[in-house]
Amino acid sequence: MQKLFPNERLGRKISKWYLLHGRHDLPWRKSISPYRVWISEIMLQQTQVVTAIPFFKRFMRQYPTLKSILGASEDEVLALWSGLGYYRRARYIFQTKEIIKNLYKGKFPKDFDSILSLPGIGRSTAGAIASIAHNQPFPILDTNVKRVLQRLHALPDNINDKLMWELATHIQDRKDLFPYTQGIMDLGATVCLTKEPLCKRCPLKKDCKSAFQLNTQISPRKIIQKKKMALKFYLFFDNEQFLAQKNNELSIWSGLWLLPPEIPINFVNKYTVSKDFTVTHQLSHRTLEITFVVCKMKRLLRPKTNHEYKTVKINSYFDLGMPKPITQLIKNL
DNA sequence: GAGACGTGGTC
DNA sequence: TGACCAAGTCT
């Protein structure tokens, strides 16, 4: 008989609750494989379920299996990430599949430390893959789980992660890891809501130190002062195509295709400005003031420049990894 | 360990 | 409408 962790009894309540009330229709919860769990977990980092769903489906249509993605280029992976944000995640996926190809013979590793060592996979994501896909008792600790645990034990805000990881370990239902792991996330997402938790529906209401208490607010994230940043892009285009430039800087939208920020020397006097306007675009940590100069050319030239560029058919911009403001601009061309 | 890193939805 | 929120990881 396996020894129970202190709160495994509660974990059991969660896995049972999941079977009745969990979100069983999420696409990544069907045909479970390490590959599908991996991609979904990366997509779901700091990203809401409803946002991730269409991206996950599109990704799986393009690359249904781990094997099928092994030959992909970084550009192709970034194109599938276009519009999802935190593009570093897509580059980590590219790096990870390269490691899997070269170091693990094309098979997703099972060993926890090997999983954890992969780019873009931290302790929580590694725990999700290990527990969901490999049935190994490693906990997860995302904001959903943190919120449930914080309320369950009536912990003060800003409690340190070390304790939270211990609590997350001791509440796991190690007999039913799959429903437990999915369940604690669903519990946080659908019952133990940030603003007004639905304690009546909670399987832990008899155990929770905050159940039906008014003072269960989770303190807001630290507010950061957003810096403003001015950007300028030129959209050179003719009837068929436009000019894109690769962003190889280590900053926002790194690795994506943008537009040239200046006029190539050989373009002077070869275009007419049809529009010139500024939009603001919010990032999590920065406010961008983006000026677009839309420049019509009779025939798009090849630029004389040291930058990596590409001429792109206007109606196939979605084959490129590009950030939202730029795809928006092209779409409305 | 604080800050960087996207986007969409809500109120 | 601007502030805030939503399945983290890396440096």
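Chain A is the first sequence line, chain B the second, and so forth, proteins listed ahead of strands; every chain is numbered from 1. In this text, all values refer to a predicted model and were calculated from it rather than measured experimentally.
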| said: Base of dG6(B), side chain of T47(A) - is there a donor-acceptor contact under 3.5 Å? | reply: yes
| said: By the 4.0 Å heavy-atom rule, please label S40(A) as base, sugar-phosphate, or nothing. | reply: nothing
| Going by side-chain heavy atoms closer than 4.5 Å, which hydrophobic residues are tied to F5(A), directly or by a chain of links? | none
| query | Which part of the nucleic acid, if any, lies within contact of I132(A), taking any heavy atom under 4.0 Å across all strands shown: a base, the sugar-phosphate backbone alone, or nothing? | reply | nothing
Might you list the N or O atoms of the protein lying below 3.5 Å from N or O atoms in nucleotides 7-9 of chain B, with each pair's distance?
unit_1	atom_1	unit_2	atom_2	d
dT7(B)	OP1	Y87(A)	OH	2.6
dT7(B)	OP1	K324(A)	N	3.0
dT7(B)	OP2	W253(A)	NE1	3.4
dT7(B)	OP2	H281(A)	NE2	2.8
dG8(B)	OP1	K324(A)	NZ	2.9

| task | Look at the side-chain N and O atoms of R123(A) and state whether any lies under 4.0 Å from the OP1 or OP2 oxygen of dT9(C). | result | no
| Contact class for W81(A) vs. all strands (heavy atom < 4.0 Å): base, sugar-phosphate, or nothing? | nothing
| Can you check the R89(A) CZ to dC10(C) C1' distance for me, whole Å? | 14 Å
| query | What is the distance from NZ of K195(A) to P of dC4(C), rounded to the nearest Å? | reply | 11 Å
| What side chain to side chain donor-acceptor pair (under 3.5 Å) pairs are there with at least one residue in residues 315-325 of chain A, not counting sequence neighbours? | none
| message | From CD of Q45(A) over to C1' of dC10(C), roughly how many Å is that when rounded to an integer? | response | 11 Å
| query | How long is the line joining CG of D142(A) and C1' of dG8(C), in whole Å? | reply | 9 Å
| field | Side-chain N,O (K227(A)) to OP1/OP2 (dA4(B)) below 4.0 Å | value | yes
| note | When rounded to whole Å, the CG to C1' distance for the pair L141(A) and dT9(C) reads 13 Å
| query | Does the separation of the ring centres of F108(A) and W38(A) fall below 6.0 angstrom? | reply | yes
| message | Whether S251(A) contacts dC5(B) is assessed here as follows: a side-chain N or O lying under 4.0 Å from the phosphate OP1 or OP2. Is that the case? | response | yes
| query | Below 4.0 angstrom, N of the basic side chain to O of the carboxylate: do R299(A) and D238(A) qualify? | reply | no
| For D176(A), all residues meeting salt bridge (Lys or Arg N to Asp or Glu O under 4.0 Å), sequence neighbours excluded | none
| Within this structure, what is the CZ-to-C1' distance between R88(A) and dT11(C), rounded to whole angstrom? | 8 Å
| request: Applying salt bridge (Lys or Arg N to Asp or Glu O under 4.0 Å), name anything that partners E308(A), two or more places apart in sequence or on another chain. | output: none
| request: Could you work out which one of dG8(C), dC5(B), dG6(B) sits closest to the side chain of S124(A)? | output: dG8(C)
| request: Under 4.0 Å between any heavy atoms, over every strand shown, what does R91(A) touch: base, sugar-phosphate, or nothing? Just pick one. | output: nothing
| task | For K226(A), check salt bridge (Lys or Arg N to Asp or Glu O under 4.0 Å) against everything at least two apart and list the hits. | result | none
| Length of the line joining R147(A):CZ and dG8(C):C1', which is rounded to integer Å | 15 Å
